[in-house]
Amino acid sequence: MTCLHGRHLKPLLLAGLNGENWRLADYVGRGGYAALKRVLTEKIPPEKVIDEVKASGLRGRGGAGFPTGLKWTFMPKNYGGQKYLVCNSDEGEPGTFKDRDILRYNPHAIIEGMVLAAYAMGATVGYNYIHGEIWAEYVRFEEALDEARAAGFLGENILGSGVSFQLHAFHGYGAYICGEETALLESIEGKKGQPRYKPPFPANVGLYGQPTTINNVETLASVPFILNMGGEQFAALGKGNSGGTKIFSVSGDVELPGNYEVPMGTPFAKLLELAGGVRGGKKLKAVIPGGSSSPVVTAEVMMDTDLDYDSIAKAGSMLGSGAVIVLDETRCMVKSLLRLAYFYYEESCGQCTPCREGTGWMYRVIKRIEEGQGKPEDLDLLVSIADGIQGRTICALGDAAAMPVRSFVQRFRSEFEYHIEHKRCLVPAY
(Lines give C-alpha, C1' and ligand atoms only; values in the text may rest on other atoms or scores of the structure.)
Protein backbone atom coordinates (compact mmCIF):
# COMPACT_ATOMS: atom_id res chain seq x y z
CA MET A 1 0.00 0.00 0.00
CA THR A 2 1.24 3.49 -0.79
CA CYS A 3 -0.11 6.79 0.34
CA LEU A 4 1.15 10.34 0.01
CA HIS A 5 -0.75 13.16 1.59
CA GLY A 6 -0.21 16.85 2.14
CA ARG A 7 1.24 19.43 -0.21
CA HIS A 8 2.22 16.95 -2.93
CA LEU A 9 -0.59 14.57 -3.80
CA LYS A 10 1.11 12.13 -6.17
CA PRO A 11 3.38 9.32 -4.99
CA LEU A 12 7.00 9.69 -6.07
CA LEU A 13 9.09 6.60 -5.40
CA LEU A 14 6.10 4.28 -5.12
CA ALA A 15 4.36 5.57 -8.23
CA GLY A 16 4.52 2.13 -9.84
CA LEU A 17 2.94 0.23 -7.01
CA ASN A 18 -0.23 -0.91 -8.77
CA GLY A 19 0.40 -4.18 -10.56
CA GLU A 20 2.68 -4.65 -13.53
CA ASN A 21 3.48 -1.07 -14.55
CA TRP A 22 7.10 -1.37 -13.52
CA ARG A 23 8.55 -1.81 -16.99
CA LEU A 24 10.57 0.74 -18.95
CA ALA A 25 7.63 1.99 -21.04
CA ASP A 26 5.57 2.56 -17.88
CA TYR A 27 8.42 4.37 -16.15
CA VAL A 28 9.08 6.60 -19.17
CA GLY A 29 5.34 7.33 -19.32
CA ARG A 30 5.58 8.67 -15.76
CA GLY A 31 8.45 10.98 -16.73
CA GLY A 32 11.21 8.47 -16.12
CA TYR A 33 14.69 9.05 -17.56
CA ALA A 34 13.75 12.67 -18.33
CA ALA A 35 16.26 13.88 -15.73
CA LEU A 36 19.02 11.72 -17.21
CA LYS A 37 18.26 12.91 -20.74
CA ARG A 38 18.34 16.55 -19.66
CA VAL A 39 21.56 16.22 -17.65
CA LEU A 40 23.40 14.48 -20.51
CA THR A 41 22.03 16.41 -23.47
CA GLU A 42 22.45 19.80 -21.80
CA LYS A 43 25.86 18.71 -20.45
CA ILE A 44 25.00 19.88 -16.95
CA PRO A 45 28.25 19.80 -14.95
CA PRO A 46 28.53 17.03 -12.34
CA GLU A 47 29.02 19.57 -9.56
CA LYS A 48 25.66 21.16 -10.46
CA VAL A 49 23.96 17.79 -10.00
CA ILE A 50 25.56 17.47 -6.58
CA ASP A 51 24.49 21.02 -5.68
CA GLU A 52 20.87 20.16 -6.53
CA VAL A 53 21.00 17.07 -4.33
CA LYS A 54 22.48 19.16 -1.52
CA ALA A 55 19.68 21.70 -1.90
CA SER A 56 17.08 18.94 -1.66
CA GLY A 57 17.98 18.11 1.92
CA LEU A 58 18.04 14.42 0.98
CA ARG A 59 19.52 12.36 3.79
CA GLY A 60 20.50 8.70 3.62
CA ARG A 61 17.34 6.63 3.75
CA GLY A 62 19.05 3.45 4.89
CA GLY A 63 19.20 4.47 8.53
CA ALA A 64 22.21 6.72 9.07
CA GLY A 65 20.55 9.87 7.76
CA PHE A 66 23.81 11.40 6.49
CA PRO A 67 23.35 14.24 3.93
CA THR A 68 23.56 12.59 0.51
CA GLY A 69 24.98 15.50 -1.47
CA LEU A 70 27.73 15.99 1.08
CA LYS A 71 28.58 12.29 0.97
CA TRP A 72 28.98 12.50 -2.80
CA THR A 73 31.61 15.23 -2.42
CA PHE A 74 33.84 12.81 -0.51
CA MET A 75 34.57 10.92 -3.72
CA PRO A 76 37.95 12.19 -4.98
CA LYS A 77 37.48 14.35 -8.08
CA ASN A 78 40.81 13.98 -9.81
CA TYR A 79 41.41 10.30 -9.13
CA GLY A 80 42.71 8.62 -12.28
CA GLY A 81 41.70 5.05 -11.51
CA GLN A 82 38.42 3.16 -11.28
CA LYS A 83 35.66 4.56 -9.07
CA TYR A 84 32.60 2.57 -7.99
CA LEU A 85 29.02 3.27 -6.99
CA VAL A 86 27.15 0.66 -4.91
CA CYS A 87 23.47 0.50 -4.09
CA ASN A 88 22.74 -1.13 -0.75
CA SER A 89 19.64 -3.28 -1.28
CA ASP A 90 20.52 -5.58 1.60
CA GLU A 91 17.36 -4.86 3.54
CA GLY A 92 17.54 -7.24 6.48
CA GLU A 93 16.41 -5.32 9.56
CA PRO A 94 13.20 -6.58 11.19
CA GLY A 95 10.27 -4.34 10.30
CA THR A 96 11.90 -2.90 7.17
CA PHE A 97 10.39 -3.76 3.79
CA LYS A 98 10.33 -0.54 1.74
CA ASP A 99 13.34 -1.15 -0.51
CA ARG A 100 12.02 -4.44 -1.81
CA ASP A 101 8.85 -2.64 -2.99
CA ILE A 102 10.94 -0.10 -4.89
CA LEU A 103 12.86 -3.00 -6.45
CA ARG A 104 9.60 -4.72 -7.36
CA TYR A 105 7.55 -1.78 -8.55
CA ASN A 106 9.95 1.00 -9.55
CA PRO A 107 13.31 -0.58 -10.46
CA HIS A 108 14.05 1.94 -13.21
CA ALA A 109 14.02 4.76 -10.65
CA ILE A 110 16.95 3.01 -8.96
CA ILE A 111 18.76 2.57 -12.27
CA GLU A 112 18.26 6.19 -13.34
CA GLY A 113 19.27 7.41 -9.89
CA MET A 114 22.44 5.32 -10.00
CA VAL A 115 23.40 6.57 -13.48
CA LEU A 116 22.90 10.17 -12.36
CA ALA A 117 24.85 9.61 -9.14
CA ALA A 118 27.66 7.89 -11.02
CA TYR A 119 27.85 10.78 -13.47
CA ALA A 120 27.99 13.27 -10.60
CA MET A 121 30.88 11.42 -8.94
CA GLY A 122 32.74 10.15 -11.99
CA ALA A 123 32.08 6.47 -11.32
CA THR A 124 31.84 4.18 -14.34
CA VAL A 125 30.97 0.84 -12.69
CA GLY A 126 28.23 0.09 -10.19
CA TYR A 127 26.71 -2.79 -8.26
CA ASN A 128 23.29 -3.24 -6.73
CA TYR A 129 23.74 -5.59 -3.77
CA ILE A 130 20.34 -7.28 -3.30
CA HIS A 131 19.43 -9.11 -0.08
CA GLY A 132 20.00 -12.83 -0.41
CA GLU A 133 16.58 -13.81 0.92
CA ILE A 134 14.62 -12.12 -1.88
CA TRP A 135 14.91 -13.73 -5.29
CA ALA A 136 12.00 -12.42 -7.36
CA GLU A 137 13.16 -8.84 -6.83
CA TYR A 138 16.65 -9.75 -7.99
CA VAL A 139 15.24 -11.31 -11.18
CA ARG A 140 13.05 -8.29 -11.81
CA PHE A 141 15.95 -5.90 -11.39
CA GLU A 142 17.95 -7.93 -13.91
CA GLU A 143 15.05 -7.58 -16.36
CA ALA A 144 14.98 -3.83 -15.79
CA LEU A 145 18.73 -3.66 -16.40
CA ASP A 146 18.26 -5.43 -19.75
CA GLU A 147 15.54 -2.95 -20.73
CA ALA A 148 17.67 0.04 -19.78
CA ARG A 149 20.68 -1.25 -21.71
CA ALA A 150 18.61 -1.98 -24.82
CA ALA A 151 17.16 1.55 -24.72
CA GLY A 152 20.57 3.20 -24.38
CA PHE A 153 20.07 4.43 -20.81
CA LEU A 154 22.85 2.22 -19.49
CA GLY A 155 26.20 0.92 -20.70
CA GLU A 156 28.65 2.48 -23.14
CA ASN A 157 28.09 5.96 -24.54
CA ILE A 158 24.72 6.53 -22.84
CA LEU A 159 22.34 8.40 -25.17
CA GLY A 160 25.31 9.30 -27.36
CA SER A 161 26.74 11.52 -24.63
CA GLY A 162 30.12 9.86 -24.29
CA VAL A 163 29.25 8.99 -20.68
CA SER A 164 29.47 5.30 -19.77
CA PHE A 165 28.25 3.38 -16.75
CA GLN A 166 28.12 -0.38 -16.31
CA LEU A 167 25.68 -1.60 -13.67
CA HIS A 168 25.49 -5.14 -12.28
CA ALA A 169 23.07 -6.83 -9.90
CA PHE A 170 24.70 -8.85 -7.13
CA HIS A 171 22.65 -11.36 -5.15
CA GLY A 172 23.78 -11.44 -1.51
CA TYR A 173 23.80 -14.22 1.05
CA GLY A 174 21.04 -13.23 3.47
CA ALA A 175 23.30 -12.09 6.30
CA TYR A 176 22.08 -9.04 8.22
CA ILE A 177 25.66 -7.89 8.76
CA CYS A 178 26.07 -7.40 5.00
CA GLY A 179 23.80 -4.38 5.28
CA GLU A 180 26.78 -2.65 6.88
CA GLU A 181 28.47 -0.95 3.96
CA THR A 182 31.99 -2.30 4.37
CA ALA A 183 30.77 -5.84 5.07
CA LEU A 184 28.76 -5.50 1.88
CA LEU A 185 31.93 -4.60 -0.02
CA GLU A 186 33.71 -7.61 1.45
CA SER A 187 30.84 -9.80 0.28
CA ILE A 188 30.97 -8.46 -3.29
CA GLU A 189 34.68 -9.24 -3.30
CA GLY A 190 33.86 -12.86 -2.45
CA LYS A 191 35.00 -12.73 1.16
CA LYS A 192 33.21 -13.33 4.44
CA GLY A 193 30.83 -10.47 5.14
CA GLN A 194 32.53 -8.76 8.07
CA PRO A 195 32.89 -5.00 8.60
CA ARG A 196 36.19 -3.30 7.94
CA TYR A 197 38.04 -0.97 10.24
CA LYS A 198 37.48 2.69 9.39
CA PRO A 199 39.44 4.73 8.44
CA PRO A 200 40.17 4.34 5.62
CA PHE A 201 36.62 5.08 4.54
CA PRO A 202 35.10 3.65 1.34
CA ALA A 203 35.28 7.00 -0.45
CA ASN A 204 39.06 6.56 -0.39
CA VAL A 205 39.54 2.79 -0.16
CA GLY A 206 36.37 0.92 -1.01
CA LEU A 207 35.47 -1.86 -3.43
CA TYR A 208 38.62 -3.63 -4.67
CA GLY A 209 40.62 -0.92 -2.93
CA GLN A 210 39.20 1.86 -5.12
CA PRO A 211 37.13 4.95 -4.20
CA THR A 212 33.52 3.89 -3.65
CA THR A 213 30.24 5.48 -2.61
CA ILE A 214 27.46 3.35 -1.10
CA ASN A 215 23.88 4.62 -0.96
CA ASN A 216 20.56 3.06 0.00
CA VAL A 217 17.84 2.09 -2.52
CA GLU A 218 15.40 4.79 -1.45
CA THR A 219 18.17 7.39 -1.48
CA LEU A 220 19.24 6.68 -5.06
CA ALA A 221 15.67 6.26 -6.32
CA SER A 222 14.91 9.78 -5.05
CA VAL A 223 17.57 11.42 -7.23
CA PRO A 224 15.58 11.54 -10.54
CA PHE A 225 12.64 13.17 -8.76
CA ILE A 226 14.91 15.74 -7.16
CA LEU A 227 16.41 16.72 -10.50
CA ASN A 228 13.01 16.83 -12.19
CA MET A 229 11.29 19.04 -9.61
CA GLY A 230 14.35 20.89 -8.31
CA GLY A 231 16.16 20.48 -5.05
CA GLU A 232 14.43 23.32 -3.25
CA GLN A 233 10.96 22.08 -4.17
CA PHE A 234 11.83 18.57 -2.99
CA ALA A 235 13.16 19.99 0.27
CA ALA A 236 9.95 21.97 0.74
CA LEU A 237 7.97 18.73 0.83
CA GLY A 238 9.64 17.89 4.13
CA LYS A 239 10.38 19.65 7.38
CA GLY A 240 13.48 21.46 8.58
CA ASN A 241 16.62 19.56 7.68
CA SER A 242 14.60 16.49 6.69
CA GLY A 243 13.83 17.16 3.04
CA GLY A 244 11.37 15.41 0.74
CA THR A 245 9.13 12.43 1.23
CA LYS A 246 9.89 9.26 3.17
CA ILE A 247 8.58 5.73 2.87
CA PHE A 248 7.54 4.31 6.22
CA SER A 249 7.09 0.54 6.51
CA VAL A 250 4.29 0.15 9.03
CA SER A 251 3.88 -3.26 10.65
CA GLY A 252 2.70 -4.84 13.86
CA ASP A 253 -0.67 -4.16 15.43
CA VAL A 254 -2.32 -2.01 12.76
CA GLU A 255 -5.29 -2.69 10.52
CA LEU A 256 -3.49 -1.90 7.24
CA PRO A 257 0.21 -2.78 7.42
CA GLY A 258 2.23 -1.68 4.42
CA ASN A 259 4.42 1.04 2.93
CA TYR A 260 3.26 4.63 3.18
CA GLU A 261 5.03 7.46 1.39
CA VAL A 262 4.42 10.71 3.26
CA PRO A 263 6.19 14.07 3.58
CA MET A 264 8.96 14.20 6.15
CA GLY A 265 7.54 15.76 9.28
CA THR A 266 4.15 14.07 9.03
CA PRO A 267 2.75 13.51 12.54
CA PHE A 268 2.92 9.90 13.67
CA ALA A 269 -0.76 10.14 14.59
CA LYS A 270 -1.55 10.82 10.91
CA LEU A 271 0.53 7.85 9.74
CA LEU A 272 -1.26 5.62 12.25
CA GLU A 273 -4.58 6.87 10.88
CA LEU A 274 -3.50 6.09 7.31
CA ALA A 275 -2.60 2.57 8.45
CA GLY A 276 -6.13 2.08 9.75
CA GLY A 277 -5.36 2.67 13.41
CA VAL A 278 -4.47 0.11 16.04
CA ARG A 279 -5.82 -3.31 15.12
CA GLY A 280 -9.08 -4.37 16.71
CA GLY A 281 -9.60 -0.96 18.31
CA LYS A 282 -7.12 -1.79 21.04
CA LYS A 283 -5.01 0.79 22.86
CA LEU A 284 -1.58 1.79 21.57
CA LYS A 285 1.21 0.80 23.97
CA ALA A 286 4.52 1.52 22.27
CA VAL A 287 6.18 2.19 18.93
CA ILE A 288 9.56 1.27 17.53
CA PRO A 289 9.87 4.12 14.99
CA GLY A 290 12.96 3.34 12.93
CA GLY A 291 13.44 -0.40 12.65
CA SER A 292 14.22 -2.94 15.34
CA SER A 293 17.52 -1.27 16.24
CA SER A 294 15.93 2.02 17.27
CA PRO A 295 14.89 2.67 20.88
CA VAL A 296 11.25 1.96 21.71
CA VAL A 297 9.01 4.96 22.47
CA THR A 298 5.93 5.00 24.70
CA ALA A 299 2.53 5.64 23.11
CA GLU A 300 2.07 8.95 24.91
CA VAL A 301 5.31 10.38 23.55
CA MET A 302 4.93 8.95 20.06
CA MET A 303 1.43 10.33 19.52
CA ASP A 304 2.87 13.83 19.95
CA THR A 305 5.88 13.24 17.67
CA ASP A 306 6.43 14.14 14.02
CA LEU A 307 8.21 11.79 11.65
CA ASP A 308 11.46 13.58 10.91
CA TYR A 309 15.02 13.16 12.14
CA ASP A 310 15.03 15.92 14.74
CA SER A 311 11.57 15.27 16.18
CA ILE A 312 12.17 11.54 16.68
CA ALA A 313 15.58 12.24 18.19
CA LYS A 314 13.88 14.61 20.64
CA ALA A 315 11.49 11.77 21.52
CA GLY A 316 14.48 9.63 22.44
CA SER A 317 14.74 7.41 19.40
CA MET A 318 15.84 7.46 15.74
CA LEU A 319 14.08 7.69 12.39
CA GLY A 320 16.45 5.01 11.09
CA SER A 321 15.16 3.14 8.06
CA GLY A 322 11.59 4.28 8.65
CA ALA A 323 10.34 0.90 9.81
CA VAL A 324 7.50 1.68 12.21
CA ILE A 325 6.61 -1.28 14.45
CA VAL A 326 3.36 -0.71 16.34
CA LEU A 327 2.74 -2.54 19.62
CA ASP A 328 -0.72 -2.61 21.22
CA GLU A 329 -1.75 -3.14 24.85
CA THR A 330 -1.69 -6.93 24.49
CA ARG A 331 2.04 -7.07 23.84
CA CYS A 332 4.36 -8.30 26.55
CA MET A 333 7.43 -6.08 26.44
CA VAL A 334 9.67 -8.77 27.89
CA LYS A 335 8.68 -11.25 25.21
CA SER A 336 8.98 -8.59 22.48
CA LEU A 337 12.49 -7.67 23.62
CA LEU A 338 13.44 -11.35 23.83
CA ARG A 339 12.60 -11.77 20.15
CA LEU A 340 14.69 -8.74 19.16
CA ALA A 341 17.62 -9.79 21.35
CA TYR A 342 17.62 -13.25 19.78
CA PHE A 343 17.82 -11.73 16.30
CA TYR A 344 20.93 -9.69 17.10
CA TYR A 345 22.52 -12.60 18.94
CA GLU A 346 22.05 -14.77 15.86
CA GLU A 347 23.16 -12.10 13.37
CA SER A 348 26.34 -10.90 15.10
CA CYS A 349 29.26 -11.73 12.83
CA GLY A 350 31.42 -12.49 15.86
CA GLN A 351 34.32 -10.25 14.90
CA CYS A 352 34.13 -7.97 17.96
CA THR A 353 34.20 -9.43 21.45
CA PRO A 354 31.69 -6.98 23.03
CA CYS A 355 29.10 -7.81 20.38
CA ARG A 356 29.88 -11.51 20.06
CA GLU A 357 29.71 -12.14 23.81
CA GLY A 358 27.37 -9.34 24.84
CA THR A 359 24.49 -10.13 22.48
CA GLY A 360 24.35 -13.71 23.71
CA TRP A 361 24.61 -12.60 27.33
CA MET A 362 21.72 -10.14 26.97
CA TYR A 363 19.58 -12.73 25.22
CA ARG A 364 20.12 -15.31 27.96
CA VAL A 365 19.32 -12.84 30.74
CA ILE A 366 16.10 -11.72 29.03
CA LYS A 367 15.19 -15.34 28.36
CA ARG A 368 15.43 -16.27 32.02
CA ILE A 369 13.28 -13.28 32.97
CA GLU A 370 10.66 -14.35 30.44
CA GLU A 371 10.78 -17.92 31.76
CA GLY A 372 10.18 -16.82 35.36
CA GLN A 373 13.74 -17.25 36.59
CA GLY A 374 14.81 -13.63 36.62
CA LYS A 375 16.52 -11.82 39.48
CA PRO A 376 15.98 -8.20 40.58
CA GLU A 377 19.59 -7.36 39.71
CA ASP A 378 19.10 -8.59 36.14
CA LEU A 379 17.66 -5.26 35.00
CA ASP A 380 20.70 -3.25 36.01
CA LEU A 381 22.85 -6.03 34.58
CA LEU A 382 21.13 -5.71 31.18
CA VAL A 383 21.75 -1.97 31.09
CA SER A 384 25.36 -2.53 32.11
CA ILE A 385 25.91 -5.08 29.34
CA ALA A 386 24.33 -2.74 26.80
CA ASP A 387 26.62 0.06 27.98
CA GLY A 388 29.58 -2.27 27.55
CA ILE A 389 28.65 -3.00 23.94
CA GLN A 390 27.55 0.36 22.57
CA GLY A 391 30.33 2.37 20.97
CA ARG A 392 32.87 -0.42 21.40
CA THR A 393 32.49 -2.36 18.13
CA ILE A 394 33.79 -1.95 14.59
CA CYS A 395 30.32 -1.47 13.14
CA ALA A 396 26.93 -0.38 14.42
CA LEU A 397 25.45 -3.85 14.97
CA GLY A 398 26.58 -3.71 18.58
CA ASP A 399 24.77 -0.41 19.02
CA ALA A 400 21.72 -1.85 17.24
CA ALA A 401 21.59 -4.70 19.74
CA ALA A 402 22.20 -2.51 22.79
CA MET A 403 19.77 0.36 22.17
CA PRO A 404 16.54 -1.69 22.20
CA VAL A 405 17.57 -3.46 25.42
CA ARG A 406 18.36 -0.23 27.22
CA SER A 407 15.18 1.52 26.05
CA PHE A 408 12.83 -1.38 26.79
CA VAL A 409 14.19 -1.77 30.32
CA GLN A 410 14.21 1.95 31.05
CA ARG A 411 10.77 2.78 29.60
CA PHE A 412 8.91 -0.34 30.67
CA ARG A 413 10.88 -1.25 33.78
CA SER A 414 7.78 -1.91 35.89
CA GLU A 415 6.69 -4.63 33.48
CA PHE A 416 10.10 -6.31 33.72
CA GLU A 417 9.98 -6.03 37.52
CA TYR A 418 6.54 -7.64 37.54
CA HIS A 419 7.90 -10.56 35.49
CA ILE A 420 10.71 -11.06 37.97
CA GLU A 421 8.59 -10.76 41.08
CA HIS A 422 5.53 -12.75 39.96
CA LYS A 423 7.26 -15.06 37.49
CA ARG A 424 4.63 -14.34 34.87
CA CYS A 425 3.57 -11.62 32.46
CA LEU A 426 1.82 -8.45 33.59
CA VAL A 427 -0.20 -8.35 30.36
CA PRO A 428 -3.46 -10.32 30.61
CA ALA A 429 -4.07 -13.02 28.03
CA TYR A 430 -6.39 -11.94 25.20
Side-chain angles (χ1 to χ4, degrees), residues 12-13 35 39 44-79 83-89 99 109-110 112-124 126-127 165 179-182 184-185 195-196 198-207 210-247 263-265 290 308-313 318-322 395-396 399:
L12 298 180
L13 276 66
V39 166
I44 296 175
E47 56 269 22
K48 294 294 184 183
V49 175
I50 294 177
D51 287 344
E52 207 66 49
V53 174
K54 283 183 177 179
S56 73
L58 178 67
R59 295 172 63 170
R61 301 298 200 232
F66 193 83
T68 302
L70 178 60
K71 186 174 185 177
W72 288 6
T73 65
F74 297 160
M75 188 78 94
K77 287 184 180 179
N78 300 318
Y79 184 77
K83 293 193 282 187
Y84 292 100
L85 172 66
V86 175
C87 178
N88 186 345
S89 296
D99 292 343
I110 305 170
E112 184 181 10
M114 290 192 72
V115 178
L116 288 164
Y119 170 76
M121 290 180 280
T124 56
Y127 291 88
F165 181 62
E180 196 279 334
E181 62 180 18
T182 61
L184 183 154
L185 298 180
R196 300 173 180 175
K198 292 183 285 189
F201 292 93
N204 299 112
V205 182
L207 187 63
Q210 303 300 308
T212 305
T213 294
I214 305 104
N215 286 127
N216 170 258
V217 173
E218 187 182 355
T219 308
L220 289 164
S222 299
V223 173
F225 300 98
I226 290 169
L227 295 180
N228 279 331
M229 69 171 56
E232 291 185 0
Q233 186 176 344
F234 184 86
L237 293 174
K239 174 186 177 182
N241 66 353
S242 301
T245 65
K246 176 78 183 77
I247 301 172
M264 279 283 202
D308 61 87
Y309 291 100
D310 293 339
S311 297
I312 294 182
M318 305 183 304
L319 186 138
S321 61
C395 83
D399 293 1

Would you confirm whether [X], through its side chain, and [Y], through its main-chain N or O, come within 3.5 Å as a donor-acceptor pair?
{"X": "Thr212", "Y": "Leu207", "result": "yes"}
{"X": "Lys71", "Y": "Phe66", "result": "no"}
{"X": "Thr219", "Y": "Arg61", "result": "yes"}

- Item | Test salt bridge (Lys or Arg N to Asp or Glu O under 4.0 Å) applied to Lys48 - qualifying residues, sequence neighbours left out | none
Considering non-hydrogen atoms only, spot the tightest contact between [X] and [Y] and give its length.
{"X": "Leu319", "Y": "Ile312", "result": "N-CG2, 3.7 Å"}
{"X": "Arg59", "Y": "Ser242", "result": "NH1-OG, 4.3 Å"}
{"X": "Glu218", "Y": "Leu13", "result": "CG-CD2, 3.4 Å"}
{"X": "Ala55", "Y": "Ala235", "result": "O-CB, 3.5 Å"}
{"X": "Met114", "Y": "Cys87", "result": "SD-CB, 3.6 Å"}
{"X": "Glu232", "Y": "Glu52", "result": "N-OE2, 4.4 Å"}

How many angstroms lie between [atom1] in [X] and [atom2] in [Y], if you round to the nearest 0.5 Å?
{"X": "Thr68", "Y": "Leu220", "atom1": "OG1", "atom2": "CG", "value": "8.0 Å"}
{"X": "Leu185", "Y": "Asn88", "atom1": "CG", "atom2": "CG", "value": "9.0 Å"}
{"X": "Gln233", "Y": "Ile226", "atom1": "CD", "atom2": "CD1", "value": "11.5 Å"}
{"X": "Phe234", "Y": "Met264", "atom1": "CZ", "atom2": "CE", "value": "8.0 Å"}
{"X": "Tyr119", "Y": "Ile44", "atom1": "OH", "atom2": "CD1", "value": "7.5 Å"}
{"X": "Lys198", "Y": "Thr182", "atom1": "NZ", "atom2": "OG1", "value": "5.0 Å"}

- Query: Does atom CD of Glu47 have more than 12 heavy-atom neighbours, drawn from other residues, nucleotides or ligands, at distances under 6.0 Å?
  - Reply: yes
May I ask you to test the [X]-[Y] pair for a side-chain heavy-atom distance under 4.5 Å?
{"X": "Tyr84", "Y": "Tyr127", "value": "yes"}
{"X": "Leu12", "Y": "Ser222", "value": "no"}
{"X": "Lys83", "Y": "Met75", "value": "yes"}
{"X": "Asp99", "Y": "Ser89", "value": "no"}
{"X": "Trp72", "Y": "Lys54", "value": "no"}

- Item | side-chain contact (heavy atoms from CB on, under 4.5 Å) involving Pro224 - partner list, sequence neighbours excluded | Tyr27, Glu112, Leu116
